[in-house]
Amino acid sequence: MNLISFNINIIHKERELNELLWLLLLILYGIYKFYKSRRPLTKFDHFYEKAFELEEKKRYEDALDIRNQGIELHTLTDLERADLHLANGRMLLKLKQYEEATKHYDASFKLAKYEKFPYSEGFDEVIEAYLYAGRKEDALIITNDMLKRQSYDQKFKKLEPLKEKLLSYEDSW
């Protein structure tokens with residue numbers, strides 16, 4: 001009988017120890033989450049993801065501020081900073097703030113001018129923003145620049161109909 005009660009005591013002690021370990025893990029996880037939410041953003045992914053979360057919550061000004069902090073951080077590459085500008089431009093385009101959107105697109109293209117980046121289906125929306133902002137000439141310049149990128153990505157050829165449309169475009173946009 002003593003052996004049985006001894007085994008039962010061991011089982012109870014193991015359960016208590018397991019409960020304490022789970023509690024300790026839960027506390028450590030809480031500390032980690034708290035620290036993670038307070039740590040400074042230092043990498044492109046940090047800025048991009050945090051701003052995306054804020055944008056999803058319709059906290060547009062905060063998203064813009066977070067991306068702008070990343071843009072100011074010179075430890076990011078020009079292409080990463082250009083991508084943050086592009087994301088700001090896309091958000092402002094959705095908000096129909098065309099002039100502000102094109103300012104971010106200008107900065108993005110300036111930073112990425114000598115970089116090789118892949119074609120994106122969203123380029124036509126970027127050009128649209130320039131038209132809504134009354135910047136047809138700039139839209140044409142950017143389209144021509146994008147078409148030159150066919151040398152490394154043939155998908156940029158998809159912009160040729162857009163160029164034709166811009167050339168025949170009247171100020172009725």
Do any N or O atoms from the side chain of E72 and from the backbone of Q69 form a donor-acceptor pair under 3.5 angstrom?
-> no
Should we say atom CZ of F52 is surrounded by more than 12 heavy atoms from elsewhere, each under 6.0 Å from it?
-> no
State plainly whether the residues R90 and E55 are in salt-bridge range, i.e. N to O under 4.0 Å.
-> no
Do the rings of Y152 and F156 sit parallel, tilted or perpendicular, given the 30° and 60° boundaries?
-> perpendicular
Examine distances only and state if a side-chain atom of Y105 and a backbone atom of G89 form a donor-acceptor pair shorter than 3.5 Å.
-> yes
Ion pair present between K110 and D106, side-chain N to carboxylate O less than 4.0 angstrom?
-> no
Take atom CD in E160; do more than 12 heavy atoms of anything else shown fall under 6.0 Å from it?
-> yes
Value rounded to 0.5 Å, distance of CD1 in I142 from CG in L166 = 10.0 Å
Close side-chain approach of N144 to I141, heavy-atom, < 4.5 Å = no
Which heavy-atom pair separates M146 from F117 by the least distance, and what is that distance?
-> CE-CZ, 3.7 Å
Cationic N near anionic O, under 4.0 Å, D78 to R81 = yes
Which atom pair, heavy atoms only, marks the closest approach of L159 to T143?
-> O-CG2, 4.0 Å
